[in-house]
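Single-structure report; data block below.
Nothing here was measured: the structure is a model prediction, and the numbers come from that model.
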Amino acid sequence: MAWLGLRVILKEWLGPVGASRFTEEDLRLLWDGGYETLEDLEAASYSGLRDAKLKPARADQIIHAQGAPTGTTGAGATVVLKDTTATYLKACLPAFDAHQLWGSAAQLRLLLAETITPGLPLLAPAAARLFQQHAELEGPLVSTAASAAAASAEDLSSHVRNVVLGMKPCVGSEMYTAKTTSVVVEDTLRLIAGHLPDLMHIHMDRNTTDASEATIKSLRPDFLCWVNGALVLKGEEKAQSRQLEAAIKELTTKMSSAWAAGLVPDKRPPCMLAFAAAGTLLQFFCIQPPESDGDRVQATPISAALDLTTALGRLRALTASCNIWRLLAGYASQAPTVPLESGHVTRSPDGLRTYCLLPGFVRKSIASFATEQAPFASFEVLQDVYSKMSKPEHRRNIIQVYNIEGHAGPQLLNDVYTVHLAPVGVPCQGAPTDLRILAGAVSGVLRGLAALHSEGFVHRDVRWPNVIFLPAERRWLLIDLEHAGLHDCDCSGAPYPLQHWSQRTLDAGGKYTFRSDLRMVAEQLLCGGVTLDEGGRDLRRQLLSGQLTAAAALEHEWLVGSGLE
């Protein structure tokens, strides 16, 4: 283990604290790469260190030490104990005004190009070489030798170097384009979010190439970024630079509103920021929400098409990404919380069920249908249930299938069950704490059960997660018909009972009946959350005893007096 001798050299050069960041694996990589003496380290280049597979942060540390002013390294040196990237970012990226995302494209263009002050830090040796070749970059970029603040912002200076100098864009596939834009846009936002986590709730995702999710891929952008639940930034990527116009066109055809209509009824959505990337070109846009349903969505450029093969193009793209953060931080300071994230794919813990909010509907998918769902409800029964519920007299009272691409109803392909559902609402996490609101929610569920029961079906899974609230209409709707079956079905043996059934759910002989659904209403919806008054307790008793039908329950005075649907 001859490389352990490097520990002594690094302590003398970097000081005990600086040397402590190098693991034994780092030392071995340095030794195997031919860096055996102090002279070797002082002459090392960043590319050489990376060729030796040294981590970027450790390579940056060595390069920084090469250009550090006298007295800042060595055994007796004053050593910076922590990375000050967070402090530097707070100074150079103050949030823009909270209302800018409701402003004009012309103003957004100016903001995206605004120079970051103080400039983005770049490691001293790299900065010196770059400024000799491109003097115009000095100012937007600052050498880490220029100030202690720049020198100690290690994570930021490492990222700036990687974008401006270390990145070599590849072309030939969408994957290469995505890799390039990930470094410039996504990694920049993640870096800032990691150091300034308290400014906003932000997360990002990318589209899937899974063939079983073709509907999602055709309607979901390649890159998505949400802030406080709103889709405020998206991106489309193509393989070749000549396809930039195709990427721009897709910006207007895939998810052009920050949130689904009706989810935040009293708020006007902001414009959406976006980028189109094709080969080595990257351009930023804003997408204003249409004034009316008939208006066409337009993507307005808020930057030039930036050439990522040049240092200047990459710096401008990095600056735009930093300023996008400032726009999002301003927006987040006064933005509403959106309860459902457009385009976000939610997966069950076992990965077999997925849910995704797409324009106008929710896509639900169940993989391995034969083993996951078929034991409880046949595909033919589910087709019949959704078909019968689409009758005019039922449409308002229960969840409906959404006609997409000329097909309405559940689909089963390669043992993957898929159904598209509307309207879009907010899933209920538990019982409302207000009695009148609770009565309105129970009324909505009973209307759905009355519709099912009138056609000879039972729901079999009545509970709060299977109820949604429609904020714009102030009403509740029963959803999730995938456990539905025929009235009086025998559920006395395997695979039953379902998880949320009680010992009194089934009728005599192990049959699940209309009364079973109503007992679930009593036990799942009228229990816990809020103390019932006498009227609520009376309704609960009658539902448990089987005295009421769903239609008759809707006439109970406790529900009639709720003033809500």
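Partners of K267 by side-chain contact (heavy atoms from CB on, under 4.5 Å), not counting sequence neighbours, listed by chain and number: W259, V264, P336. Annotation: salt bridge (charged side-chain N to carboxylate O under 4.0 Å, His left out) contacts of D97 (sequence neighbours excluded): none. With sequence neighbours excluded, the residues satisfying side-chain contact (heavy atoms from CB on, under 4.5 Å) with T188 are H159, I192, L318, S321, C322. Q288 pairs by the side-chain contact (heavy atoms from CB on, under 4.5 Å) definition with C271, C286, not counting sequence neighbours. Residues that satisfy the salt bridge (charged side-chain N to carboxylate O under 4.0 Å, His left out) test with K254, not counting sequence neighbours, are E236, E250. In this structure, the salt bridge (charged side-chain N to carboxylate O under 4.0 Å, His left out) partners of E114, at least two apart in sequence or on a different chain, are R326.
Atom OG1 of T84 is separated from atom NZ of K90 by 11.5 Å, given to the nearest 0.5 angstrom. In this structure, the separation between CG on L30 and CG on L54 is 5.0 Å, given to the nearest 0.5 Å. Distance check: I116 CD1 to L315 CG gives 9.5 Å after rounding to the nearest 0.5 Å. Interatomic distance, CG of L165 versus CZ of R314, reported as 7.0 Å (0.5 Å rounding). A distance of 9.0 Å separates CG in L137 from CZ in R316, rounded to the nearest 0.5 Å. Interatomic distance, I302 CD1 to F285 CZ, rounded to the nearest 0.5 Å: 9.0 Å.
Using cut-offs of 30° and 60° for the angle between ring planes, the F369 and Y417 rings count as parallel. Between H203 and W226, the two ring planes are parallel [angle under 30°; tilted spans 30° to 60°].
Under 4.0 Å is where a charged nitrogen must lie from a carboxylate oxygen, and between E174 and K179 no such pair does. The pair K249-E245 does not meet the salt-bridge criterion, since no charged nitrogen lies less than 4.0 angstrom from a carboxylate oxygen.
Side-chain atoms of T23 and D26 include a donor-acceptor pair closer than 3.5 Å. With no hydrogens or angles considered, a side-chain donor-acceptor pair links T181 and E237 at under 3.5 Å. One side chain, S182 or R206, offers a donor N or O that lies under 3.5 Å from an acceptor on the other.
The shortest distance between side-chain heavy atoms of I248 and Q283 falls below 4.5 Å. Counting heavy atoms from C-beta outward, D205 and R220 have side chains that approach closer than 4.5 Å.
A cation-pi geometry, defined here as NZ or CZ lying under 6.0 Å from the six-membered ring centre and within 45° of its normal, holds between R58 and F22.
Proximity of a side-chain donor or acceptor of E341 to a complementary backbone N or O of L231 within less than 3.5 Å is not detected. At distances below 3.5 Å, at least one donor-acceptor pair connects side-chain atoms of T85 with backbone N or O atoms of L156.
Here F223 and F275 bring their ring centres to under 6.0 angstrom of each other.
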